[in-house]
Amino acid sequence: MGSELNRLTISEARERLRRREITSRELTRDCLERIAALEPRLNAFITVCETEAMAQAAEADRRLAQSDAPSLCGIPLGIKDIYCTRGVRTTCASKILGNFTPPFDATVIEKLRAEGAVFVGKANMDEFAMGSSTENSAFGPTRNPHDLERVAGGSSGGSAAAVAADECLASLGTDTGGSIRLPASFCGVVGIKPTYSRVSRYGVVAYASSLDQVGPLARTVRDAAAVLRAVAGADPRDSTCSARPVPDYERALSGEVRGMRIGVPREYFVEGMDGAVEGAVRGALKRLESMGARTVEISLPHTDYAVAAYYLIATAEASANLARYDGVRYGLRAGADNNIELYNRTRAQGFGAEVKRRIMLGTFALSAGYYDAYYLKAQKVRTLIRRDFERAFESCDLVAAPVAPTTAFRLGEKTGDPLKMYLSDIFTISVNLAGLPAMSVPCGADEGALPIGLQLIGPPFGEEAILRAGDAWERAGGFARRAPQL
Amino acid sequence: MKTDAYEAVIGLEVHAHMLTRSKLFCGCATEFGAPPNHNVCPVCMAMPGVLPVLNRHVVELAIRTGLAAHSEIAPHSVFARKSYFYPDLPKGYQISQYDEPLCRGGYIELAARQDGEPRRIRLVRIHLEEDAGKNIHAESASLVDFNRSGVPLMEIVSEPDLRSPEEAVAYLRELRGILVAVGASDGKMEEGSLRCDVNVSVRPRDATELGARTEIKNLNSFRFVEKAIVYEVNRQIEEIAAGRRIAQETHLWDPEREVTRPMRSKEFANDYRYFPEPDLPPLIVPPDLVEKIKAEMPDLPAQQREKYARDFGLTTYEVSVLLGRNDLGDYFVNVLAQGINAKTAANWIMTEVLRAVNESAQPLEKAAPQPQETGALLRMVEDSRISLNAAKSAFAAMCRSGKGAQATVAELGLAQVSDEAAIAEACDRVLAAEGAKLAEYRAGREKLYGFFVGAVMKAMGGKGNPKVVNEVLRRKLAG
């Protein structure tokens with residue numbers, strides 16, 4: 001391996017690009033070489049965009065030469081294969097979209113193009129973002145760079161693994177119930193799920209519309225802040241997107257946590273939790289206290305109902321969102337003699353087992369006679385969970401918790417037991433139901449050197465507070481990131 | 001209806017295509033007749049990841065309609081997903097309004113008939129929804145045209161307040177008049193701008209409870225609405241008389257055989273799994289928007305009828321003919337603009353113009369001359385420049401040729417001669433040629449006067465201004 005520019009952070013790379021010490025083409029080539037070397041083992045990408053990436057890099061170099069360079073100009077990124085990219089196949093890790101090439105860009109892709117970013121490839125994921133391990137991909141599982149026998153987490157497993165393994169400098173994922181934070185935690189990178197409505201969802205293949213949110217994965221909090229700033233903001237094509245101005249998140253990174261009140265929810269340190277995880281999280285909190293933050297115990301009493309409420313609301317929305325994959329207009333079409341046969345065969349062949357399971361769950365939850373008992377009740381629970389957090393934020397500025405009860409588990413370990421798999425998201429799901437911003441930042445490793453994530457949760461539009469805390473922890477030595485040995 | 005022992009109970013659900021340039025949730029054009037799949041984009045084709053954005057103009061038109069129908073405009077209403085699979089429904093769900101519609105309650109008042117009171121037909125609701133595409137079944141394949149996918153529709157649901165087929169049609173006409181007046185729809189039923197589903201039940205005249213109802217779909221003309229209701233009411237009465245029960249089911253109107261037939265249960269047995277549309281926030285209508293729209297409300301049909309009767313001195317019948325079509329009222333006003341007497345204009349439109357429309361089977365703007373030209377023609381009659389008969393000939397020619405009034409009258413040589421010298425000269429010629437008759441006249445045979453008028457007119461090729469001819473002739477005859 002030559003120059004290994006692919007190991008740079010965004011902050012380092014953009015300085016060197018600006019000073020013309022390196023070119024985006026060199027940087028991008030190093031990423032593509034790394035991808036070529038690792039992909040047979042890692043499988044972080046469904047599609048590698050070599051030609052397009054080199055063309056984007058050349059264009060970025062032209063802009064850099066003219067000193068017309070926005071902050072992400074020339075930076076190679078991985079894009080979860082859930083984002084529609086004009087002219088580049090977008091599969092959502094499903095056979096049903098195996099041949100689908102969108103004629104349009106998602107809003108965030110448009111924004112990143114305007115920034116001059118380079119897209120090295122479309123990252124692997126659980127099919128339609130349904131899963132916690134990236135094992136539900138029609139294109140095979142992504143492996144954890146820290147241990148190839150283990151999962152990368154999901155559903156944005158490809159996005160997390162690619163960043164951890166230095167295949168790109170940062171990436172975009174999506175988070176519906178923990179799909180950015182869990183893989184970030186398992187792969188030892190930073191992952192942010194912003195406030196619901198902070199980032200446009202236009203062109204992001206929908207799983208659960210009221211929960212889905214776009215977010216970055218990166219190697220440092222500062223890098224994640226830079227990507228978040230580039231993608232956030234109002235969008236006339238998304239009616240649920242907030243018009244609130246986007247702050248310069250990097251400016252919030254003062255390194256100062258003095259006086260910050262960090263709430264520690266009693267319900268998030270549970271029986272059966274991995275000792276190493278609890279130790280690492282508590283250790284990080286001690287460290288933040290030593291830097292002047294104050295921890296307060298809080299309670300989020302409805303936490304126990306979050307997983308159940310989530311699997312009713314998310315699957316209900318998904319059952320409608322995925323109805324459009326019918327074989328009529330695009331994507332897979334199975335041979336058939338009539339409509340009903342066309343739907344049955346196309347969907348039977350096109351969707352994987354977990355997607356079918358969730359469509360059936362959601363269809364059931366919305367059916368006549370069951371709506372009140374399931375969907376409506378789940379919405380009421382959602383309100384209670386939101387109120388839990390509102391009350392908690394009366395006594396603290398942010399909430400800290402583990403991201404997951406364990407570190408990365410073995411491939412196949414939970415695929416036979418969906419419920420066990422669903423419980424991987426036990427600490428992340430409430431945040432989606434409440435629409436809050438949250439981040440996973442590496443805070444330690446277990447005895448097998450598998451990364452552990454610290455989850456920082458903010459009040460609505462409180463991204464700056466969690467970024468400041470995460471950055472301060474990183475600067476104070478935090479957890480020295482160890483490059484995976486591959 | 002076959003028996004007076006029963007009463008019909010009828011409710012209407014009207015779907016109106018709205019008069020907007022763009023679709024309900026995207027910027028695609030709504031124009032009618034574009035090549036298949038021409039007015040489409042990722043949103044109305046339901047590509048992965050796309051999101052709906054509500055058309056503001058549609059909301060304003062619906063509020064106008066609601067205000068015209070005395071509905072309550074909900075400050076907070078909600079869109080919902082109605083799920084079912086069909087190839088012309090690209091998302092697999094239709095975005096509609098369900099338990100929280102935009103307009104709630106209200107009524108439409110039907111003009112009093114000779115014998116009775118005006119009738120108020122109450123509304124349940126008015127809500128917004130999107131249309132589906134269109135399936136086209138070719139010989140070896142089924143095709144889908146998505147031009148109509150996402151076109152805005154307003155659904156106007158009445159209470160079961162209607163009691164006869166005639167009343168149902170009167171309601172539909174009044175509703176159409178309102179939709180056209182507020183600019184919400186072009187009201188063209190034959191082009192599918194209005195579609196109507198009818199709920200029908202019958203009950204013994206003294207009963208208060210409702211009987212089991214059937215819903216008749218696929219009614220796209222006033223005539224079919226009336227015929228379908230007549231058929232269905234009679235059918236239900238016969239069933240009950242024969243001791244059978246009316247099944248609560250959906251029927252389809254068969255316009256060929258003029259009967260209703262039940263749809264197979266598979267065709268409508270759907271659980272639509274409604275739930276609030278998470279991609280659209282609740283629709284909030286601020287009070288000042290409602291006030292603003294209220295202040296800009298155009299005249300409604302009832303107000304227009306009153307105004308026509310009052311301002312133009314027209315009879316109820318004349319008003320009903322002129323305002324019975326969307327286009328005649330405007331035509332009438334534009335004819336009046338040429339300074340034509342209202343009665344003259346109304347008579348002309350009700351006879352000559354409507355005849356032209358009926359004979360050509362073309363829309364008004366193609367069948368008849370521009371109202372300005374018709375006005376110019378009538379002006380010539382009022383100014384005695386042509387005779388009424390000449391005007392009729394000229395009008396028929398104008399309908400065929402599309403030429404203006406002046407040109408046509410000149411071309412056909414219909415202009416009257418009012419020039420006294422020319423008329424005097426004609427009189428002199430006639431009197432000179434008819435010396436014998438003149439002598440008789442002067443001797444007292446005054447009924448010969450008519451003969452001389454005829455002769456002079458003949459001598460002038462029928463173009464002499466009768467008034468001037470009379471004056472001059474009397475003078476000459478007197479010697």
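Nothing here was measured: the structure is a model prediction, and the numbers come from that model. Per chain, numbering begins at 1; letters A, B, ... match sequence-line order.
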Heavy-atom distance under 4.5 Å to chain A: side chain of Tyr274(B), backbone, both or neither? backbone
Which portion of Asn339(A) sits near chain B, non-hydrogen atoms under 4.5 angstrom: side chain
Looking only at heavy atoms, which two atoms of His17(B) and Gly192(B) are closest? And how far apart? ND1-O, 3.5 Å
Choice from Leu376(A), Thr363(A), Thr107(A), Asp326(A) maximising heavy atom contacts with chain B below 4.5 Å: Thr363(A)
Region of Val204(A) that comes under 4.5 Å of a non-hydrogen atom in chain B: backbone
Please identify, among Ser319(A), Gly203(A), Pro103(A), the residue contributing the most non-hydrogen atom pairs under 4.5 Å to chain B. Gly203(A)
Can you tell me if Arg213(B) has over 12 outside heavy atoms packed within less than 6.0 Å of its CZ? no
The interface call for Val53(B) against chain A, heavy-atom contacts under 4.5 Å, is both
Let's go through Met130(A) and Leu322(A) carefully: what are the C-alpha distance in whole Å and the side-chain angles of both, what is the deciding distance for side-chain contact (heavy atoms from CB on, under 4.5 Å) to 0.1 Å, and is it a yes or a no? CA-CA 12 Å; Met130(A) 296 178 185; Leu322(A) 272 65; 3.9 Å; yes
Start with the C-alpha gap between Asp131(B) and Arg148(B), add the side-chain angles, then the distance that decides, and say whether salt bridge (Lys or Arg N to Asp or Glu O under 4.0 Å) holds. CA-CA 6 Å; Asp131(B) 206 349; Arg148(B) 217 175 58 187; 3.2 Å; yes
So what's closer than 4.5 Å to chain B heavy atoms on Asn321(A): side chain, backbone, both or neither? both
Which atoms of Pro90(B) approach chain A - backbone, side chain, both or neither, heavy atom under 4.5 Å: both
If you count heavy-atom pairs under 4.5 Å with chain A, which of Pro48(B), Pro42(B), Cys26(B) comes out on top? Pro48(B)
With a sphere of 6.0 Å drawn around CZ of Arg357(A), does it hold more than 12 non-hydrogen atoms of other residues, nucleotides or ligands? yes
Between Cys41(B), Gly92(B), Pro278(B), which shows the greatest number of heavy-atom pairs under 4.5 Å with chain A? Pro278(B)
Roughly how far, to the nearest 0.5 Å, is OG of Ser197(A) from CG of Asp235(A)? 12.0 Å
If I measure from the heavy atoms of chain B, does Arg329(A) come under 4.5 Å with its side chain, its backbone, both, or neither? side chain
Portion of Tyr83(A) that has a non-hydrogen atom of chain B nearer than 4.5 angstrom: neither
Charged N to carboxylate O under 4.0 angstrom, Glu130(B) versus Lys91(B)? yes
Please look at Pro236(A) and chain B and tell me whether the side chain, the backbone, both or neither of the residue comes under 4.5 angstrom of a heavy atom of that chain. backbone
Is the shortest distance from a Lys or Arg side-chain nitrogen in Asp81(A) or Lys122(A) to a carboxylate oxygen in the other one below 4.0 Å? yes
Quick one: do Asp279(B) and Arg81(B) satisfy salt bridge (Lys or Arg N to Asp or Glu O under 4.0 Å)? Show the steps, please. CA-CA 10 Å; Asp279(B) 287 332; Arg81(B) 293 183 179 180; 3.1 Å; yes
Honestly, the part of Phe85(B) sitting under 4.5 Å from a heavy atom of chain A is both
Aromatic ring proximity, centroids under 6.0 angstrom, Tyr370(A) and Phe364(A): yes
Check this for me: does any side-chain nitrogen of one of Arg64(B) and Glu60(B) sit under 4.0 Å from a carboxylate oxygen of the other? no
Please state whether the side chain, the backbone, both or neither of Leu342(A) comes within less than 4.5 Å of a heavy atom of chain B. neither
Candidate pair Lys193(A) and Ser179(A), rule side-chain hydrogen bond (donor to acceptor under 3.5 Å, both in side chains), full reasoning: CA-CA 9 Å; Lys193(A) 176 243 172 266; Ser179(A) 281; over 6 Å; no
Does any backbone or side-chain atom of Ala368(A) lie under 4.5 Å from a heavy atom of chain B? Answer side chain, backbone, both or neither. both
Where does Ala208(A) contact chain B at under 4.5 Å (heavy atoms): side chain, backbone, both or neither? neither
Looking only at heavy atoms and a cut-off of under 4.5 Å, which of Ser200(A), Ser367(A), Ala206(A) has the most pairs with chain B? Ser367(A)
Best-contacting candidate, Tyr343(A), Phe104(A), Tyr375(A), against chain B by heavy atom pairs under 4.5 angstrom: Tyr343(A)
What part of Tyr325(A) lies closer than 4.5 angstrom to a heavy atom of chain B: side chain, backbone, both or neither? side chain
